[in-house]
Amino acid sequence: MMMVRRRSETLSEKHKKILQFLADYQAKNERPPSIREICAKVGISSTSVVNYDLDQLERRGFIIRDNRVSRGLRLTDKIREVVQIMDDILRVPIVGPIAAGLPLPDLQPGVSYISENETYAVEIARSLLPTREKGIDLYALEVKGDSMIDAMINDGDIVVMKPASEARNGEMVAIWLPEKNEATLKYFFKEKDGYTLKSANPAYSLIRIPKSRPLEIRGKVVMVIRKMDTIKM
């Protein structure tokens, strides 16, 4: 399990989409796209809005514009560096909260976790993921509570999960309790007469689940993204 820190984004999602499209279009057509082509690809209805965004990107050194000619736009080396980084970025949707404390009634079973249109997501570098996790669908949960603080997981942190329905003893998993309509993040232990869910905080008692009660493993923790204060640039 890996831990990284969250940082404030220096580029908006819209600007990232514009930069990616500019680079892809230039590589394919050997010329820059028109303003209307950028509108259509990025989903912006107004050419004046695109012009405003391009002016912002020019001020930040990603492009050079010449408004005297049609398609008067040139990419700088800075945009190429950014696009290379963006190609390594994986957007993982944050589908809801998970309790690191008492069970929390928020993680619903049967959720379709992955969506191309997710707006609430965390970005991680594919290169940071273990090789075996790079080809699977991941989702993320925002931690609520302090029961896992000795595992360096605090309130407000993000846990990146891989879907799973089984776990080995001692693995940290998201557990769904159908009878209570509740979910919780705990260490999992399977025993002869049931299950034990253990916190990483001595202030919390063990949660014991008899075999007669339903219990579902919803995922295993792959990575923890630590909360950090927003840095104003």
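Residue numbers start at 1 and run along the sequence shown.
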What ring pair (Phe, Tyr, Trp, His ring centres under 6.0 Å) pairs are there with at least one residue in residues 31-76, not counting sequence neighbours?
none
Rounded to the nearest 0.5 Å, what separation is found between the CE atom of Met223 and the NZ atom of Lys162?
12.5 Å
Residues forming a side chain to side chain donor-acceptor pair (under 3.5 Å) with Asp150, sequence neighbours excluded
none
Distance in Å, Leu141 CG paired with Arg218 CZ, rounded so as to fall on 0.5 Å steps
10.5 Å
Contacts of type side chain to side chain donor-acceptor pair (under 3.5 Å), residue Asp66, not counting sequence neighbours
Arg68
Quick one: side chain to side chain donor-acceptor pair (under 3.5 Å) partners of Asn51, sequence neighbours excluded?
Arg65
Show the nearest heavy-atom pair for residues Leu185 and Ala174, with the distance to one decimal.
CD1-N, 4.3 Å
Gap between atom OG1 of Thr184 and atom CD1 of Ile207 - 0.5 Å precision
5.0 Å
Over all atoms of both residues, closest heavy-atom pair of Lys220 and Ala164:
CG-CB, 3.8 Å
Would you call Arg60-Glu58 a salt bridge at under 4.0 Å N-O?
no
Contacts of type side chain to side chain contact (heavy atoms under 4.5 Å, CB included), residue Pro214, not counting sequence neighbours
Pro178, Glu179
For Gly145 versus Asp155, what's the shortest heavy-atom pair and its separation?
N-OD1, 2.8 Å
With sequence neighbours excluded, what pairs up with Arg168 under the side chain to side chain contact (heavy atoms under 4.5 Å, CB included) test?
Glu171
Exercise: identify the closest heavy-atom pair between Ser199 and Ser147
CB-O, 3.3 Å
Roughly how far, to the nearest 0.5 Å, is CG of Leu57 from NZ of Lys78?
9.5 Å
Inter- and intrachain pairs under salt bridge (charged side-chain N to carboxylate O under 4.0 Å, His left out), touching residues 25-50, at least two apart
Glu37-Arg71
Residue pair Val160 / Val224, side-chain heavy-atom distance below 4.5 Å:
no
Checking side chain to side chain contact (heavy atoms under 4.5 Å, CB included) between Ile38 and each of Leu22, Thr47, Ile44, which is the one that passes?
Leu22
Residues in side chain to side chain contact (heavy atoms under 4.5 Å, CB included) with Asn201, at least two apart?
Asp146, Ile149, Ala203, Tyr204
State, yes or no, whether a side-chain contact exists between Leu54 and Ile63 at a heavy-atom distance under 4.5 Å.
yes
Can you give me the closest heavy-atom contact between Gly61 and Thr76, atom names plus distance?
O-OG1, 2.7 Å
Could you measure the distance from the NZ atom of Lys190 to the CD1 atom of Ile209? Nearest 0.5 Å is fine.
14.5 Å
Minimum side-chain heavy-atom gap Met161-Leu138 below 4.5 Å:
no
Applying salt bridge (charged side-chain N to carboxylate O under 4.0 Å, His left out), which residue pairs with at least one partner in residues 191-203 are found, sequence neighbours left out?
Glu191-Arg208
Around atom CZ of Arg74, are there more than 12 heavy atoms of other residues, nucleotides or ligands at under 6.0 Å?
no
Provide the closest heavy-atom pair for Met148 versus Ala200 in the form atom of the first, atom of the second, distance.
SD-N, 3.5 Å
Paired with Arg226, the side chain to side chain contact (heavy atoms under 4.5 Å, CB included) test is passed by just one of Ile158, Ile153, Asn154, namely Asn154
Would you mind reporting whether Ile217 and Phe188 have side-chain heavy atoms less than 4.5 Å apart?
yes
Between the side chain of Lys186 and the main-chain N/O of Thr196, is any donor-acceptor distance below 3.5 Å?
no
Is any side-chain heavy atom of Tyr139 closer than 4.5 Å to a side-chain heavy atom of Pro163?
yes
In Å, rounded to the nearest 0.5 Å, how long is the span from CG of Asp24 to CG of Asn29?
10.5 Å
Residues that Ser46 engages under side chain to side chain contact (heavy atoms under 4.5 Å, CB included), provided they are two or more places apart
Ser48, Val49
Counting C-beta onward and ignoring hydrogens, is there a side-chain heavy-atom pair between Lys14 and Val42 closer than 4.5 Å?
yes
Residues forming a ring-ring contact (aromatic ring centres under 6.0 Å, His included) with Phe189, sequence neighbours excluded:
none
